[in-house]
Amino acid sequence: MSVTGHDMRTPLQRVRGLGSARSGTRHFWRQRLTAVAGIPLTVAFIFVVLALMGRNHAAAVQILGSPIVAVVMLLFVLNMTYHMWLGMQVIVEDYVHNEFRKVALLMANSFFCIVVGIACAYALLKLSFGV
Amino acid sequence: MLTMMMSIAHRITGAALYFAMLLLAWWLMATASGPNAYATVQWFMGSVIGRFVLFLCTWALLHHLLGGIRHLIWDLGYGFEPNEREWLARATLIGSIGLTLILWIVGYMVVGAS
């Protein structure tokens, strides 16, 4: 998509469909939203980790299975994986300029965050419901 | 200089935590799987390499957390004066290292007590 040399299209026509326009604010806002939510959730997560330290399997399962801990941990992993997704998207967009590689990495980023988020969430739910 | 390094450190710690989330996923999946898988993951986390990685993860998490708060302060329009920026950068670095050490001391006390 060269914009140099002889291009008969208008400036508006050249930028249309390239994306980024209008979706930037939403991305910015969600990054901040998950960042703010991440502050108390991370503090809570640290306390949960401290509570889990040195425990055997039965005790760890019992702690993670208690409703408050489970909900806090679920919120933590889902909030953080979403925050990760947004953050890595910015890193890829900033440093990767080859179009094919950029799209491939953005896809990989989405897959990674969804897989990690679902894996954590599923494990936490299984620990709560004990199936 | 310090403020510049702090900016890139925020990205690097963010990217590191991105992959560190795999450790949490592994730990949770193992715990949900049963005592044998739990024993394996606990063995790794307790090994020298495991502890070293977790120590770095702790610092990265706290550094990114404090750096994030610094960014939120900027988003609100405060802290742009040169001396303020310098102070914030220093507080982020000293705070993250200090809190990491405190958490690990507390962690060892918790394990030692139980």
Side-chain angles (χ1 to χ4, degrees), chain A residues 28-29 31-32 34-36 38-43 45-61 63-65 73-74 76-77 80-81 83-88 90-92 94-95 109 112-113 115-131, chain B residues 8 10-42 45-46 51 54 57-58 60-62 64-72 74-76 99-100 102-114:
Chain A
F28 177 94
W29 175 247
Q31 179 119 42
R32 267 61 182 179
T34 52
V36 171
I39 297 169
L41 289 171
T42 301
V43 173
F45 169 73
I46 289 168
F47 278 103
V48 171
V49 171
L50 283 175
L52 286 165
M53 283 189 65
R55 305 278 182 175
N56 62 24
H57 183 251
V61 170
I63 290 168
L64 288 169
M73 286 295 288
L74 269 172
F76 175 78
V77 296
M80 268 24 255
T81 44
H83 186 76
M84 278 160 52
W85 186 50
L86 295 169
M88 189 55 83
V90 173
I91 291 179
V92 170
D94 280 356
Y95 299 121
N109 177 37
F112 181 91
C113 294
V115 169
V116 170
I118 293 287
C120 290
Y122 176 80
L124 284 163
L125 290 174
K126 188 172 183 293
L127 284 161
S128 281
F129 303 128
V131 206
Chain B
I8 194 68
H10 195 67
R11 285 216 157 167
I12 293 169
T13 51
L17 291 166
Y18 182 92
F19 295 103
M21 204 68 172
L22 280 173
L23 288 177
L24 179 64
W26 177 34
W27 191 87
L28 285 171
M29 289 291 276
T31 309
S33 297
N36 288 335
Y38 183 77
T40 308
V41 77
Q42 287 293 80
M45 301 290 184
R51 277 173 207 231
L54 288 176
C57 287
T58 312
L61 179 65
L62 291 166
H64 199 80
L65 177 71
L66 294 178
I69 292 171
R70 197 170 57 115
H71 275 278
L72 291 169
W74 284 335
D75 286 345
L76 293 171
L99 281 173
T100 303
I102 290 169
L103 272 181
W104 275 70
I105 291 166
V106 171
Y108 273 108
M109 278 161 60
V110 166
V111 175
S114 65

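Chain identifiers are assigned alphabetically (A, B, ...) following the order of the sequence lines, protein sequences preceding nucleic acid strands; residue numbering begins at 1 within each chain.
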*Do B:Y18 and A:N109 pass the side-chain hydrogen bond (donor to acceptor under 3.5 Å, both in side chains) test, and can you show the C-alpha distance, the side-chain angles, and the key distance before you say yes or no?*
CA-CA 10 Å; B:Y18 182 92; A:N109 177 37; 2.6 Å; yes
_Per-residue contact mode, B:L62 against chain A (heavy atom under 4.5 angstrom)_ =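 Just its side chain gets close to chain A.
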*Pick one of side chain, backbone, both or neither for A:F47, based on which atoms fall under 4.5 Å of a heavy atom in chain B.*
neither
*At a heavy-atom separation under 4.5 Å, does A:V115 approach chain B through its side chain, its backbone, both, or neither?*
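Contact with chain B: none, neither part.
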What residue, out of [options], has the most heavy-atom pairs lying under 4.5 Å from chain B?
| options | answer |
| --- | --- |
| A:V36, A:V49, A:N56 | A:N56 |
| A:A51, A:A35, A:C120 | A:C120 |
| A:I46, A:V43, A:V90, A:V61 | A:I46 |

Is there side-chain contact between [X] and [Y], with heavy atoms separated by less than 4.5 Å?
| X | Y | result |
| --- | --- | --- |
| A:I39 | B:L72 | yes |
| A:M80 | B:L24 | no |
| A:H83 | B:H64 | yes |

For [X] versus [Y], what's the shortest heavy-atom pair and its separation?
| X | Y | value |
| --- | --- | --- |
| A:A123 | B:L28 | CB-O, 3.4 Å |
| B:V111 | A:M53 | CG2-CE, 3.5 Å |
| B:M29 | A:A119 | SD-O, 3.4 Å |
| B:A15 | A:I91 | CB-CD1, 4.3 Å |

_Under the salt bridge (charged side-chain N to carboxylate O under 4.0 Å, His left out) test, residues paired with B:R51 that sit two or more places apart_ = none
*Count the heavy-atom pairs under 4.5 Å between each of B:G68, B:A32, B:A25, B:G107 and chain A, then report the option with the highest count.*
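Answer, by heavy-atom pair count under 4.5 Å with chain A: B:A32.
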_Residue pairs passing the side-chain hydrogen bond (donor to acceptor under 3.5 Å, both in side chains) test where at least one lies in residues 23-33 of chain B, sequence neighbours excluded_ =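 side-chain hydrogen bond (donor to acceptor under 3.5 Å, both in side chains) check on residues 23-33 of chain B returns B:W27-B:Q42.
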*Dump the intermediate steps for side-chain hydrogen bond (donor to acceptor under 3.5 Å, both in side chains) on A:R55 and B:Y38, then the final yes or no.*
CA-CA 11 Å; A:R55 305 278 182 175; B:Y38 183 77; over 6 Å; no
